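FYI, the numbering just counts along the sequence from 1. All values derive from a computational prediction rather than experimental measurement.
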Amino acid sequence: MTQHSPHKALIIGAGIGGLAAAATLRRAGVEVQIFERAPELRPGTTAVSLMANAILALRALDIDIAPGLDKRGEVFDELKFLTKRGRPIRTLPFRELADRLGASNYAVHRADLQQTLLDALGNDQAIELNAAATGFVSGDDGVEVTFEDGRTASGDVLIGADGFNSAIRRQVADADEPRPGNYACWLATVPFSHPRMTKGYAAHYWGRGQRFGLADIGHGRAYWWGTKNVPVGASGRLRRGKEGLTGLFAGWADEVQEAIRVTPEETIVRITAQDRPFLSRWGSGRMTLLGDAAHPMLVSLGQGAALAIEDAVVLAQHLKGATDLSAALRAYEDERRPRTEALVGAARALSETEQLEGAASSRLRDLYFRFVPLSKLTSQNEAVLTWPPLG
């Protein structure tokens with residue numbers, strides 16, 4: 001059947017998932033309109049890992065963001081796992097796997113990733129700001145979204161890419177309560193240099209019920225994050241300023257303590273570690289969900305941004321040239337659910353292992369990770385980083 005005019009997709013949310021969806025859908029011949037609740041396009045002050053599977057997925061649509069990431073972020077060729085004092089536990093080599101797959105893994109500031117995706121989208125794409133969606137109606141011939149200020153917008157399909165607290169998901173999942181990770185997390189990016197933090201440095205430091213991450217994100221900047229176990233259900237109530245964090249990580253590796261010391265207190269972001277129960281249904285009719293709105297996950301795998309980009313690519317592939325748009329959206333969901341559910345579960349399991357607090361259990365964790373065959377760890381990483389996914 002010949003398409004006489006492009007379908008129009010309404011995208012709620014201008015984060016990583018929303019911008020990726022806009023870029024991929026436009027490449028597939030779909031008209032897009034993006035709505036963002038914030039008064040300005042603010043990418044936040046933290047950073048993310050963007051893994052090879054995201055780069056490879058976008059290349060399936062002839063979109064290559066690697067040059068932008070090479071310019072703005074930093075490739076990491078290995079990931080070090082260390083004790084809290086900086087002694088080696090295990091190093092995971094990624095260079096050989098990246099060469100085999102044909103794409104690198106990056107640590108990149110959110111603002112730089114956002115600009116890279118905006119470049120892929122094209123500068124002519126307007127994003128409507130101050131547009132907080134409150135609900136939608138989906139019919140046989142299209143969708144209509146309502147906003148807090150009384151505006152409405154109509155289109156052929158609706159993509160909820162509005163993050164963890166998605167208003168679009170709320171209408172699909174009703175009272176869908178977050179699932180606590182039972183630890184608090186602090187994050188920051190800061191200009192930083194240290195003899196141990198060489199170019200492309202990426203390391204996780206493991207303590208008992210605590211972790212610290214430190215990564216080079218390019219241009220003389222570091223991204224760090226720290227965690228601390230809290231009682232069940234209490235992670236949202238724990239408050240600790242820079243002085244408290246200094247005490248919390250006293251005695252850890254010198255580069256850990258130095259990263260906290262040079263970070264202005266007002267730039268430290270505190271988040272609650274949480275995900276949500278996995279949804280068996282992401283949408284109905286002419287609407288669906290994408291990224292954290294569909295499958296929020298704990299951060300241990302570093303795959304949140306990459307999975308949102310994968311979603312965008314698969315969605316565009318199903319909508320390209322589609323005449324039955326509802327069927328295309330259900331096909332997208334069916335294709336994405338197995339992989340995303342598996343990785344949401346894997347992230348939670350890994351997080352629970354990394355946050356072990358008992359003396360014996362944390363020691364066994366370190367010993368296992370030190371001596372498990374490298375071939376097993378490489379196989380696990382390859383399954384995650386390969387695109388299209390391994391069958």
Distance-only, no hydrogens or angles: does the [X] side chain make a donor-acceptor pair with backbone N or O of [Y] under 3.5 Å?
X	Y	result
Arg169	Ala293	yes
Arg27	Asp62	yes
Glu148	Ala131	no
Asp156	Lys8	yes
Gln33	Leu10	no
Ser49	Ala107	no
His7	Ala322	yes
Thr263	Ala259	yes
Thr386	Ala383	no
Gln114	Arg42	no

Quick one: do the [X] and [Y] side chains pair a donor with an acceptor below 3.5 Å?
X	Y	answer
Glu335	His318	yes
Glu40	Asn130	no
Asp254	His194	yes
Thr227	Gln355	yes
Thr189	Trp224	no

I'd like to know if [X] pairs up with [Y] as an ion pair, taking the criterion as any Lys NZ or Arg NE/NH1/NH2 lying under 4.0 Å from an Asp or Glu carboxylate oxygen.
X	Y	result
Arg339	Glu310	yes
Asp176	Arg170	no
Glu78	Lys80	yes
Asp324	Arg330	no
Arg95	Asp99	yes
Asp311	Arg336	yes
Arg196	Glu255	yes
Arg365	Glu354	no

Could you pull out the closest heavy-atom pair between [X] and [Y], with the gap in Å?
X	Y	result
Glu357	Asn229	OE1-ND2, 3.1 Å
Pro88	Leu82	CA-CD2, 3.7 Å
Asp112	Arg221	OD2-NH2, 3.0 Å
Trp387	Asn53	CB-O, 3.9 Å
Arg90	Val372	NH1-O, 2.7 Å
Ala308	Gly17	CB-CA, 3.9 Å

Legend entry - Cation-pi check, Arg72 onto Tyr106 ring (under 6.0 Å, within 45° of axis): no

Inset, instruction - May I ask you to establish whether Arg276 and Phe164 are in a cation-pi arrangement, using a distance under 6.0 Å from NZ or CZ to the six-membered ring centre and at most 45° from the ring axis? - result: yes

Legend entry - side-chain hydrogen bond (donor to acceptor under 3.5 Å, both in side chains) assessment of Thr134 paired with Thr146: CA-CA 6 Å; Thr134 56; Thr146 56; 3.1 Å; yes

Inset, instruction - Might you work through the side chain to side chain contact (heavy atoms under 4.5 Å, CB included) test for Thr246 and Gln257, ending with a clear yes or no? - result: CA-CA 7 Å; Thr246 300; Gln257 297 182 75; over 6 Å; no

Linking I/L/V/M/F/W/Y whenever their side-chain heavy atoms sit closer than 4.5 Å, directly or via other members, would [X] and [Y] fall into one cluster?
X	Y	answer
Tyr183	Leu356	no
Leu350	Phe278	yes
Ile89	Leu301	yes
Val137	Val145	no
Leu385	Leu377	yes

For the aromatic rings, using the six-membered ring if either is Trp, is the centroid distance between [X] and [Y] under 6.0 Å?
X	Y	answer
Phe76	Tyr201	no
Phe369	Trp206	yes
Tyr205	Trp252	no
Trp225	Phe212	no

Within a radius of less than 6.0 Å around [atom1] of [X], do more than 12 heavy atoms belonging to other residues, nucleotides or ligands occur?
X	atom1	answer
Arg59	CZ	yes
Glu96	CD	no
Asp149	CG	yes

Legend entry - Val75 and Asn105: CA distance, side-chain angles, deciding distance, side chain to side chain contact (heavy atoms under 4.5 Å, CB included) verdict: CA-CA 6 Å; Val75 171; Asn105 302 292; over 6 Å; no

Hey, could you give me the [atom1]/[atom2] distance between [X] and [Y], rounded to the nearest 0.5 Å?
X	Y	atom1	atom2	result
Ser362	Leu364	OG	CG	8.5 Å
Met297	Glu341	CE	CD	12.0 Å
Met287	Leu325	CE	CG	14.0 Å
Met197	Phe192	CE	CZ	6.0 Å
Arg211	Ser300	CZ	OG	4.0 Å
Ile65	Ile55	CD1	CD1	4.0 Å

Legend entry - Leu79/Thr91 under side chain to side chain contact (heavy atoms under 4.5 Å, CB included): CA gap, chis, key distance, verdict: CA-CA 6 Å; Leu79 177 59; Thr91 296; over 6 Å; no

Inset, instruction - State, yes or no, whether a side-chain contact exists between Pro39 and Leu129 at a heavy-atom distance under 4.5 Å. - result: no

Inset, instruction - Please lay out, stage by stage, how Thr198 and Asp216 fare under the test side chain to side chain contact (heavy atoms under 4.5 Å, CB included). - result: CA-CA 8 Å; Thr198 53; Asp216 175 18; over 6 Å; no

Inset, instruction - Show your reasoning for whether salt bridge (Lys or Arg N to Asp or Glu O under 4.0 Å) applies to Lys71 and Asp119. - result: CA-CA 13 Å; Lys71 179 172 63 176; Asp119 290 347; 5.3 Å; no

Inset, instruction - Kindly determine whether Arg151 and Glu128 satisfy salt bridge (Lys or Arg N to Asp or Glu O under 4.0 Å), including the steps that lead there. - result: CA-CA 12 Å; Arg151 276 183 292 171; Glu128 294 200 30; 3.0 Å; yes

